[in-house]
Amino acid sequence: MRLEEVILFFGICVVLPVVVVALTTRAKTNATNKRAEIALAAIEKNTDVDLEELFRKMNLPRRSVKEKLLYRLLFGCIFTLLGAGIYVAMYVADMNGWCNQNMFISLSFVAVPALGIGLSFLINYWAGKSMLKKEIEIEAKNQHDA
């Protein structure tokens, strides 16, 4: 292996994940510190503040079960179409003589994981839809009542 390949491998497999984890942790810590500062300022200015209500208003609204399922459907469709689209493009390129075996193998390293991820999202959507049907109905009823 050449030195450039080792540096690239080290950067992608070691440095990149560490940086992502560090940035995520830092963002969460900053958000928690800001909430704590706001709560302390509210307590200092007004002693009659209901902290539970304050924190409930400060937290971001959580996605409903239906929204989570729809995101799974969306990502499932995107990844499945990406993988299938790569294979269709390779088929068309092969018919025109543009595709060789190395290109097929290289693009398959992208298409197969994309198809796998997409199909897993779609299976998760269909299984979740049937299993969580009652929870979705309860959430819809609660939203209409509110």
Side-chain angles (χ1 to χ4, degrees), residues 1-42 49-146:
M1 270 180 144
R2 295 186 322 217
L3 181 62
E4 296 87 18
E5 293 173 350
V6 172
I7 291 173
L8 181 65
F9 177 77
F10 182 74
I12 291 172
C13 294
V14 177
V15 176
L16 186 63
V18 170
V19 169
V20 168
V21 169
L23 290 175
T24 305
T25 305
R26 187 172 167 202
K28 288 181 182 178
T29 304
N30 286 341
T32 304
N33 289 342
K34 286 180 183 178
R35 286 188 189 124
E37 288 176 12
I38 291 171
L40 286 174
V49 173
D50 184 16
L51 289 179
E52 288 182 29
E53 184 66 29
L54 178 67
F55 283 126
R56 196 174 303 122
K57 288 181 181 177
M58 284 180 13
N59 289 336
L60 295 174
R62 297 181 64 153
R63 286 190 285 179
S64 68
V65 176
K66 188 174 183 179
E67 287 176 327
K68 289 178 185 177
L69 284 175
L70 289 175
Y71 274 111
R72 289 180 188 150
L73 176 64
L74 173 69
F75 287 125
C77 290
I78 290 171
F79 279 106
T80 303
L81 289 175
L82 174 69
I86 290 172
Y87 276 120
V88 168
M90 283 193 297
Y91 178 73
V92 170
D94 188 42
M95 289 185 70
N96 291 323
W98 300 332
C99 188
N100 59 21
Q101 186 177 7
N102 290 336
M103 179 185 248
F104 178 80
I105 292 171
S106 299
L107 289 176
S108 290
F109 277 115
V110 176
V112 170
L115 280 171
I117 291 169
L119 292 175
S120 66
F121 268 116
L122 291 174
I123 291 169
N124 194 315
Y125 167 75
W126 286 313
K129 185 178 175 184
S130 63
M131 290 174 58
L132 301 172
K133 194 173 215 175
K134 291 181 182 177
E135 285 84 355
I136 292 171
E137 290 172 1
I138 291 170
E139 278 186 356
K141 184 180 177 184
N142 289 340
Q143 287 179 353
H144 291 297
D145 292 342

Euclidean distance, K66 NZ relative to L132 CG, rounded to 0.5 Å: 13.0 Å

Residue Q101 excluded, over 12 heavy atoms near CD under 6.0 Å: no

Parallel, tilted or perpendicular: ring planes of F75 versus F121, cut at 30 and 60 degrees: tilted

L107 CG to N102 CG distance, which is reported to the nearest 0.5 Å: 11.0 Å

Close side-chain approach of P113 to F109, heavy-atom, < 4.5 Å: no

Which atom of V65 lies closest to which atom of E139, heavy atoms considered: N-OE1, 2.9 Å

L115 and Y87: CA distance, side-chain angles, deciding distance, side-chain contact (heavy atoms from CB on, under 4.5 Å) verdict: CA-CA 10 Å; L115 280 171; Y87 276 120; 3.8 Å; yes

Euclidean distance, N142 CG relative to E135 CD, rounded to 0.5 Å: 12.0 Å

N/O donor-acceptor pair under 3.5 Å between T80 side chain and C77 backbone: no

Which atom of I86 lies closest to which atom of A111, heavy atoms considered: CG2-CB, 3.8 Å

Spacing of L8 atom CG and L3 atom CG [to the nearest 0.5 Å]: 11.0 Å

Beyond-backbone contact of M90 with D94, side-chain heavy atoms, under 4.5 angstrom: no

Value rounded to 0.5 Å, distance of CD in E37 from CG in N30: 9.5 Å

Approximate separation, where rounding is to 0.5 Å, of L73 CG and N124 CG: 11.0 Å

